Every structure is written in C-alpha cells, then in structure tokens.
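Report on the following structure.
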Amino acid sequence: MSAPRSGPPAAEAGPRQVDRFDPATVEPRWIEAWQNAGVGHADPDSDLPPYSIAIPPPNVTGALHMGHALNNTIQDVLVRSHRMAGYETLWICGTDHAGIATQAVVEKALAAEGISRQELGREAFVRRVWEWKEEYGGRIIGQLKRLGCTLDYGRERFTMDEGYVRAVLEVFVSLHEKGYIYRDRYLVNWDPGLRSAISDLEVEDREVTDTLVRIAYPLTDGSGELVVATVRPETMLGDTAVAVGPGDDRYRHLIGRTVTLPLVGREIPVIADEHVDPQFGTGALKVTPAHDPNDFEIARRHDLPRVGVIGEDGRMTADAGERYAGLTPAEAAERVVEDLGAQGLLRGSEPYTHTVPFSHRSGARVEPLVSLQWFCDMTRLAAPAIAAVEEGRVRFTPAKWGDVYLDWMREIRPWCISRQLWWGHQIPVWYRGEESYVGREAPEGEGWERDPDVLDTWFSSALWPFATLGWPERTPELERFYPTRVLSTARDIIFLWVARMVMMGYEFMGQEPFADVAIHSVVQAPDGRRMSKSLGTGIDPMDEIERHGADALRFGLLMMSSTQDVRFSQDRIDQGRQLVTKLWNAVRLVIERGGRARAEPAGAATLADRWIASRVADAIERSGAHLARYELAPLADLTYHAVFDDYCDWYLELLKAGEATPEMAGAALEQLLALAHPLMPFVTEECWSRLPGAGGLLAEHPPPTAPGPRDEAAEAELARVQEEVNALRGWRAQRGISPRRRIVAEDPHPLTGALANVAPAGDASGLESRVLLRTRSMSVGLEGEEVDAGGEIERLRGELATAEGELARAERKLADEGFVERAPAHLVDAEREKAARYAAERETLAARIAALG
RNA sequence: GGGCGCUUAGCUCAGUUGGGAGAGCACCAGCUCGACAAGCUGGGGGUCACUGGUUCGAGCCCAGUAGCGCCCACCA
C-alpha cells in the first residue's frame with residue numbers, strides 16, 4: 001500500500017542522511033595520531049623480540065608510483081602485524097641518492113635555465129643537486145606517510161648522509177685492501193649520452209635493423225683479397241686482424257699471411273680463432289679489439305694491439321685518421337662506405353636485424369670501448385652469498401627466484417663500479433704523478449688529486465641493511481636489528497640490488513642481511529603495457545588515495561598482488577572502498593545495538609554467537625598462515641569475506657533478528673578490526689576509536705584472538721540455516737513473493753525462521769498437499785495459496801529431471817569398480833549417500849506429480 | 001641461443017597436497033525493511049589454449065603444439 005509520493009519538491013528528500021566515512025578527512029588525523037604516539041618508533045633497548053625491515057629506498061628524484069605503493073603496503077602489513085603481535089618492530093626509512101637519475105633531473109632543470117653542468121663547475125653543480133635533494137627529497141616520504149606506512153621516520157637515512165659516506169669509504173678501502181677492487185683498462189659499456197661507463201646490468205638489448213656491408217681486404221702480397229662482413233664499417237679503421245675459423249678450408253692457406261687494411265694502409269695478420277662461425281657472413285671476421293667484446297677477447301688470445309677509433313665523447317678519434325676524426329660513428333660509417341666504394345672494395349650489402357646494446361639510463365646506443373675504470377671482482381664475494389641461498393639461510397618467495405639468483409651468481413663477472421658523474425660517492429683514491437693512494441681521507445702532503453669518478457649507485461645501496469643501522473659503528477640498533485627479517489621487492493632488482501646486499505652482508509657483517517626475499521608482482525597499466533610516465537600509462541597512487549582513500553588503494557593493491565605481473569584493476573580499488581564502507585556501517589550498527597569493545601560475553605552464547613566466534617577463529621588462523629608465506633592477496637580476500645559474508649551478511653542479520661548478543665557482536669567486531677587493521681589501518685583505527693569501551697590505538701592493540709573456540713557443530717548447524725535461507729530467497733525471487741510475506745514450513749530451523757520470515761506450519765500434514773519448496777531439511781508452503789497445478793507440475797518435472805540426472809551421475813560413479821575400490825572411502829560413501837538421497841527425492845517428486853496430475 | 005612464466009566467466013584475476021570450477025567488476029531481475037543505494041536479495045554466464053599420456057578420476061601431474069610475456073646470452 002504505497003501511495004505515490006507527492007507534494008512540494010522540498011518533501012522529496014533524497015536518501016536519508018547517513019553518517020558516511022570520509023577518508024580525506026579521517027585519514028590524515030590518524031597519520032598524526034600514530035606519529036604522536038610513536039607508533040613507528042623502534043627502541044633498541046626493548047625486551048621484545050626484534051622484527052626489522054629495511055625499505056627499498058626510493059630515489060630522491062621520485063614520486064610514489066604504483067610499484068612503490070604496492071611494495072610499501074606489503075611491508076606495512078608485515079610491520080603492523082608484527083608490531084601488534086608483540087615484536088619490537090623497526091621499519092628502516094630512507095631515500096637513495098640515485099646517482100645517474102638525480103644528476104640527469106638536475107641537469108635537465110639547469111638546461112631549462114640555459115646552463116650546463118660544465119659551465120657551473122663540479123662543486124657548484126653538486127651544491128645544486130643537494131639543494132634539489134633538500135627540496136624534493138622529502139616529498140616521497142610524505143607520500144609514504146599518506147599511504148599509512150609506519151616507518152621509523154625519526155631514523156630517516158640517506159645514501160649520502162654523513163654516516164653513510166663513512167660506511168661507503170670503509171667498504172671501498174676494505175675491498176681494495178683485499179684486492180677485490182682494482183683499476184684496469186678494459187672494454188666497458190660506454191654510454192655516449194651520459195659520457196660514463198655503465199655496468200652490464202644497465203644495458204638493455206634492442207632489436208635494430210642495420211646494413212651488413214661486405215668489404216674486400218686485399219692480401220698484402222697482391223695475390224687476392226679476403227672479404228669480411230660488418231654492420232659497423234667505421235670500426236674497420238680500428239681493425240688489427242682478420243680472423244677465420246681454424247677448420248675453414250676456404251681460408252686455411254691464408255692463416256699467418258697479412259692483408260692491408262683499406263683506407264688505413266695498416267698491414268694486419270690473418271689469424272685462426274674458434275670464435276669465428278664459418279657459416280656466418282663470409283666466414284672471415286674483422287677484429288676490432290677496442291670496440292667489440294668478442295674482438296677484445298680474441299685480441300687477448302692472440303696478443304693483438306688495440307686501436308681505439310671512437311672516443312669517450314662518442315666521436316671518431318685521431319687514431320681513426322684525419323679524414324674521419326671528429327665525425328660521429330654514423331657519419332664516419334657513411335664516409336667509410338663511400339670511400340671504399342670509390343676504391344672498388346665493396347662486395348655488396350644487405351639489411352641485417354640483430355640485437356644491439358642500449359643504455360637503460362640515457363637510451364643511447366652503447367659504445368663498447370676500452371677505458372680506464374675501477375672494477376670489483378665478485379667471485380670471492382659471491383661464494384657465501386651462493387651458499388646462503390643453496391642452504392636456505394636466505395629464502396626467496398616464490399622459490400623459483402632463488403634459482404634465477406643462483407644462475408646469475410654462479411656466472412658472476414667483474415662489476416664496473418666507477419661512473420664518470422659528479423653526483424655520488426667520489427672514489428676515495430688520490431693521485432700524484434705516478435703515485436696513487438687509497439684511503440678514508442686525503443693523504444698528507446701537497447699535490448694530491450682525487451679521482452674524479454663516483455661510485456655506481458648500487459655500490460652504496462648494497463650496504464643499506466647495515467649502513468642504515470650505523471655500521472661501521474657497532475650501534476645498539478645494529479646489534480639489535482641486524483639481520484633484518486625480509487626484503488620485499490619486485491623481481492627487477494634481484495641482481496642489481498638484492499644479490500649485492502647479500503654479498504656485502506656476508507662480507508662485512510658475516511651474516512645475511514635478511515632471511516626472506518619476498519618477490520611481488522610488477523603492476524602494469526590496465527592495458528598490459530608498462531606503467532610509465534613517458535608512455536602516458538602511469539596511474540598516480542596519490543590520485544587514487546585522493547579519490548578513494550589510502551585504505552581502498554592498499555586493499556586493492558593487495559588483492560591484485562600476486563607472484564606474477566598483474567594489470568592494474570580499478571575494480572579492486574573499488575572493492576577496497578566497499579569494504580571500508582562496510583566496516584564503517586557495521587560499527588554503526590553494533591554501537592547502536594549496545595556492542596562494546598573488550599566485552600565479556602555475559603550470558604550463554606547463542607548459536608549465532610558460537611558460530612561467529614568459530615568463523616573469526618578460522619579467519620585468524622588462516623590469515624596467520626598466509627602472512628607467514630607472504631601471500632597477501634589471499635589474506636586480503638579472506639579478510640574481505642570474513643567481514644562481508646560472515647559478519648555482516650549473516651551474523652549482523654542474526655543480531656538484528658535478536659539471535660545474537662551485543663557482547664559477542666562487539667567482541668567479534670573488535671577482533672575483525674584487529675585482523676583488518678594491518679591492511680586498512682585508517683578505517684579500522686577510526687572504527688575502533690568510536691567503539692564504546694575501546695581505549696588506546698588499534699595500532700597498538702594485541703593481535704586478533706578468537707572470541708571463542710572453533711565450533712564444528714555450530715558451523716554445521718549454521719550451514720543448514722544458510723542452505724534453507726538461500727533456498728527460500730531464491731524461491732521467493734523466482735516466484736515474485738515479497739520477503740515480507742510470511743510463509744510456512746515444516747520444521748524450519750529457528751534461525752531460518754528469523755532470517756527468512758518463515759513460520760512453522762501448524763499442521764504439517766496439511767502442508768504436505770501444498771508443498772512448494774523442499775530443501776534437504778524442510779518443506780515449504782504458502783499459506784492461503786492454492787497451488788496452480790499446471791505450473792506446479794511443470795516445476796516439479798524440472799526438479800525431477802535434475803534429481804534423475806544427479807542420480808544417474810552418482811550411480812555411474814558407483815558402477816565404476818575402479819572408483820569404488822581405489823577412491824578414498826569417504827568419497828565413495830558420499831557418493832552412496834547422494835545416490836540414496838536422489839533416489840528418495842525422485843520417488844517423492846514422482847508421487848507429488850502424480851497427486852497433482 | 002638458453003631459461004622462466006602465462007593462456008580459467010564479457011573484463012581483471014584466484015584456484016595450497018588430483019575427488020562435482022570461484023571472486024570482484026560488468027550484465028539481467030527484484031527490493032528504500034532504521035547499519036550500509038558508496039546498499040540489499042536473487043539470477044544468467046566457462047570445451048579451464050590445443051593434442052596426447054598417466055590415473056578409478058586431471059584446471060591441477062607428464063610430454064608435445066600454438067600464442068603472449070619476461071629474464072639471461074660475446075656471432076660480425
């Protein structure tokens with residue numbers, strides 16, 4: 001009887017005003033409250049067992065990106081859980097100076113002012129970078145706070161702060177004394193864009209189509225020519241040999257003779273080397289030791305000279321000859337081909353697609369060239385780090401990443417640690433004439449010049465887990481919190497960073513830097529591409545926080561997280577937001593019904609109470625198991641369903657129906673808030689603060705404990721209720737019967753009655769003639785309704801068909817001797833029970849159809 | 001060239017030892033009943049990439065094929 005609402009527009013009020021949860025106003029309050037309470041602060045003198053994590057330090061250039069948001073959410077979940085569980089928890093906070101990246105950003109800013117770093121000079125430039133760091137370095141820390149991360153902000157470190165510089169110097173000097181660090185003229189990956197050497201790990205291969213040119217090298221004695229193939233014709237100017245396969249009959253007679261290098265006139269030998277593939281090109285390989293890694297090795301084997309024709313400026317050197325010096329390699333290539341053509345020495349060309357190294361940093365094509373650099377030999381450092389993973393003292397999750405790590409470590413090569421940059425740890429080596437000095441401080445005496453190069457950023461990052469704790473001093477923090485417990489990261493820096501931390505940890509602390517390495521997903525753009533600013537595919541986590549709140553973002557990211565790459569899913573963030581709202585509203589209801597925190601269940605617990613206690617116990621148990629295995633998505637999922645399904649959908653409905661007590665409602669809610677808190681700290685903290693009887697911060701609450709024991713009987717009984725209620729709801733929906741219309745049933749469970757508006761039939765036999773729904777445990781009828789025989793028969797026939805299908809299926813299985821003999825007994829029994837039940841149902845249905853028809 | 005991973009509902013993804021395929025979103029239908037319309041209830045929707053094998057039984061184990069992705073690698 002709903003009269004159409006009419007009247008003045010004012011009366012048409014929208015939905016009733018509700019007290020909504022607003023993350024934008026609530027969340028910042030708690031950041032401050034946690035900070036004031038010292039929630040992230042770690043005390044090395046505490047008696048509690050330690051639990052520490054070192055944050056992968058974000059670059060000072062940076063803003064929080066989605067990968068940071070996920071990684072730091074994971075770490076905060078771990079840290080908050082352990083803090084609640086009674087560990088003295090330290091989450092080490094800090095940022096990385098990120099040599100190349102930061103220098104590039106500042107250079108770019110200078111360029112906008114029309115200044116180059118060279119014009120500014122080194123000292124002034126470095127000052128500018130420090131200013132930049134002061135201005136922007138704090139931004140990402142602020143963003144971590146906004147995400148809810150409970151780092152120990154009071155102990156913030158920077159990879160170039162005073163103490164850290166001491167640690168780096170100490171390590172360099174020590175490794176040099178041990179003979180691991182040495183200086184050598186060696187072929188390195190030269191980045192002409194950066195004008196610096198870069199390490200193997202900073203090189204990426206890209207596919208490029210070049211032209212393979214065939215060039216004739218005349219034999220010196222004039223008896224013919226040898227044709228070589230190359231994609232880099234300009235490098236011929238630096239050739240010092242031609243190599244052929246040792247077993248290649250075409251060229252056997254030429255080995256030991258010489259050819260005259262065109263355009264240059266140098267007489268160079270024809271040599272035999274295993275490296276040459278007779279099948280490729282002409283089977284003759286021009287050898288340019290100064291600009292090709294293979295040729296470099298060939299030259300070593302054959303003791304050939306090296307002629308560098310490309311310089312560190314990326315241009316042809318004087319050794320390339322007057323006609324080419326100063327040109328870019330591309331220009332030189334063109335001119336070389338032209339000149340060779342003029343001399344009639346070209347023997348054809350073809351397009352050739354191959355992979356070519358590019359700088360990961362500047363994007364420039366890497367120019368391999370021989371250069372004087374500092375290297376660190378890794379073989380001795382690697383040994384204990386390999387053993388650690390083999391023996392399980394450092395465990396990767398998922399374990400396959402341990403194999404990837406080991407494969408790389410076992411083939412480890414020297415690490416080029418010097419960079420021709422200005423921003424970074426300057427190499428602690430001084431020169432005076434032929435003398436050199438390696439030390440923590442400048443040597444005594446006049447005329448010493450410090451090595452201008454700086455160390456690879458990862459050299460300092462490798463010390464992070466112990467340098468941040470005060471090493472080389474034996475500080476209380478170091479004693480207490482090293483080794484850390486877990487390193488959380490994506491897989492892309494396993495070699496660059498993780499492996500090097502393990503090596504340095506063993507070398508300088510004699511202990512692994514962390515017990516676990518938890519590798520999480522890389523978050524891709526929704527279309528599967530990389531999230532990147534330049535591609536325009538980036539999604540800013542701060543935008544998501546602004547729109548949906550940090551809790552929703554955290555939950556969504558955890559749901560997405562996995563062991564493989566995942567596409568960013570807005571829907572998961574929405575799911576998080578819904579859980580936030582649900583929790584909020586649940587608390588409102590519980591408060592309204594007199595629920596309290598820390599409530600002692602007064603009277604006898606009801607069935608519903610026993611059931612929710614058991615469900616909460618189950619959720620807590622499972623969450624602990626997931627947490628221990630770094631399974632964050634299942635953890636988030638079970639939290640969602642514990643709150644949504646068990647507590648809100650079922651338990652609170654029972655509470656409203658008077659079948660549960662406010663005491664248990666409060667007690668269970670308290671534990672669910674504690675359970676969800678590490679995932680969604682803000683809304684849970686806010687809810688906690690509103691719950692009568694609650695005091696103190698949820699962040700400092702003990703870990704969730706079940707408000708009652710596991711209760712199989714209660715769970716089984718409620719499963720029956722759920723089955724009945726679901727059947728009734730489905731039936732009502734199908735028949736268009738309002739939930740408000742009361743129906744009768746033969747022997748419904750009392751809770752079914754309460755939830756589904758069902759009353760026991762006064763006269764069960766009377767009901768039998770108008771049974772409209774049958775579940776495993778009850779028959780349902782509608783009072784006052786005459787059964788429409790036709791429609792009812794049709795419906796019953798449908799049910800009959802289903803029952804017969806199920807029966808046939810069960811019988812088929814039971815007829816299978818293999819199944820009956822070999823399957824576990826409980827499965828066979830279950831199948832027998834099923835067969836019996838459906839057989840009975842078939843009879844009942846057939847009888848009812850007969851009665852109606 | 002070597003290695004690793006992926007392929008499950010329209011979309012994004014779960015699926016722990018092999019024992020009747022799940023979630024969120026989307027879609028359809030019905031609901032304002034005092035926690036929640038940022039909601040509730042119900043529903044439809046899948047040849048688990050393909051082929052073969054092992055097994056009483058395979059999304060799951062094995063072999064192979066195809067497509068996609070990632071990592072490592074010194075063939076001009």
Side-chain angles (χ1 to χ4, degrees), chain A residues 2 14-16 18-21 187 200 205 210 212 228-232 235 243 275-277 279-288 292-298 352 354-355 368 400-401 403-404 407-408 411 491-492 494-495 522 524 526 528 548 552 556 559-560 562-572 574-578 580-593 625-626 629 631 633-634 637 640-641 648-649 652-653 655-656 726 729-734 736 738-740 757 806 809-810 813 816-824 826-828 830-831 834:
Chain A
S2 59
R16 193 164 35 83
V18 294
D19 181 12
R20 283 185 176 163
F21 182 77
L187 193 80
D200 296 334
D205 286 331
D210 281 322
L212 188 68
V228 300
T230 180
V231 292
R232 303 282 315 266
T235 63
H275 169 74
V276 179
D277 174 6
Q279 307 301 317
F280 188 89
T282 61
L285 170 71
K286 59 187 277 304
V287 180
T288 320
D292 182 280
N294 297 309
D295 296 6
F296 186 86
E297 292 303 325
I298 293 172
Y352 180 64
H354 62 147
T355 57
K400 67 174 178 184
W401 295 112
D403 297 331
V404 173
D407 286 346
W408 185 76
E411 300 290 322
R491 56 165 201 280
D492 52 355
I494 290 175
F495 307 145
V522 172
Q524 301 173 326
H548 307 296
M559 282 296 283
M560 281 175 236
S562 165
T563 56
Q564 58 177 358
D565 293 356
V566 285
R567 298 174 184 206
F568 181 81
S569 164
Q570 190 65 53
D571 288 341
R572 293 299 185 192
D574 289 339
Q575 194 184 348
R577 193 177 35 73
Q578 286 174 354
V580 167
T581 306
K582 202 66 174 175
L583 272 172
W584 175 248
N585 286 309
V587 169
R588 291 175 53 219
L589 174 67
V590 171
I591 293 170
E592 188 185 296
R593 300 289 168 134
H626 286 308
R629 289 188 222 118
E631 296 165 345
D637 187 64
Y640 178 90
H641 289 291
C648 294
D649 286 357
L652 288 186
E653 290 306 314
L655 177 71
K656 287 197 281 191
N726 288 336
R729 284 176 182 160
W731 176 72
R732 286 188 128 118
Q734 190 192 342
S738 162
R740 294 197 211 167
N757 197 17
E806 293 295 325
R809 187 182 174 284
K813 276 196 123 166
D816 183 341
E817 281 177 32
F819 176 75
V820 177
E821 281 168 26
R822 303 196 196 190
H826 72 275
L827 290 171
V828 179
E831 217 58 45
K834 230 177 271 180

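Quantities reported herein were computed from a predicted structural model and do not represent experimental measurements. Naming convention: chains lettered A, B, ... in sequence-line order (proteins, then strands); numbering from 1 in each chain.
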* Structure fact -> For Arg732(A), the side-chain hydrogen bond (donor to acceptor under 3.5 Å, both in side chains) test, sequence neighbours excluded, returns none
* Kindly say whether Thr581(A) contributes a backbone atom to a donor-acceptor pair with the side chain of Asn585(A) at under 3.5 angstrom? => yes
* P atom, G10(B) versus C28(B): distance in rounded Å? -> 16 Å
* Asked: Considering only C72(B), C74(B), A38(B), which nucleotide approaches the side chain of Phe495(A) most closely?
  -> C72(B)
* Structure fact -> From the candidates G20(B), U32(B), A76(B), the one with an atom nearest any side-chain atom of Arg740(A) is U32(B)
* **Between A73(B) (C1') and Glu297(A) (CD): distance, integer Å** => 14 Å
* Structure fact -> For RNA chain B, the dot-bracket notation using Watson-Crick and G-U wobble pairs below 3.5 Å, [ ] for pseudoknot-type crossings and | for other-strand pairs, is (((((((..((((.....[..)))).(((((.......))))).....(((((..]....))))))))))))....
* Asked: With nearest nucleotides of RNA chain B determined for Asp649(A) and Arg593(A) from heavy-atom distances, which residue corresponds to the more 5′ nucleotide?
  -> Arg593(A)
* Which nucleotide in the set A35(B), A38(B), C75(B) lies at the smallest distance from any side-chain heavy atom of Asn585(A)? -> A35(B)
* Mark yes or no for whether Asp210(A), through its side chain, and Tyr352(A), through its backbone, hold a donor-acceptor pair below 3.5 Å. => no
* Side chain of Arg577(A): nearest nucleotide among A38(B), A73(B), G19(B)? -> A38(B)
* So which nucleotide from A76(B), A23(B), A35(B) ends up closest to the side chain of His641(A)? -> A23(B)
* Measure from the side chain of Glu592(A), starting at C-beta and using heavy atoms only, and say which of G20(B), G34(B), C70(B) lies closest. => G34(B)
* To the side chain of Asn294(A), which of C74(B), G20(B), G5(B) is closest? -> C74(B)
* **Contact state string [nucleotides 42-49 of chain B, B base, S sugar-phosphate only, - no protein heavy atom under 4.0 Å]** => S-------
* Structure fact -> Across all chains, not counting sequence neighbours, the salt bridge (Lys or Arg N to Asp or Glu O under 4.0 Å) partners of Arg809(A) are Glu831(A)
* To do: Indicate, yes or no, whether a donor-acceptor pair under 3.5 Å links the base of G20(B) to the side chain of Glu806(A).
  => yes
* **Residue list, side-chain hydrogen bond (donor to acceptor under 3.5 Å, both in side chains) with Lys656(A), at least two apart or on another chain** => Glu653(A)
* **Nucleic acid footprint by protein, nucleotides 9-17 of chain B - heavy-atom cut-off 4.0 Å, B for base, S for sugar-phosphate alone** => ---BSS---
* Asked: Can a side chain N or O of Gln575(A) be found less than 4.0 Å away from OP1 or OP2 on C25(B)?
  -> no
* Does any N or O donor sit under 3.5 Å from an N or O acceptor when you compare the side chain of Lys582(A) with the base of C36(B)? -> yes
* **Side chain Lys834(A) and base G20(B) donor-acceptor under 3.5 Å** => yes
* **Minimum-distance nucleotide to Leu827(A) side chain [options: A76(B), G19(B), G24(B)]** => G19(B)
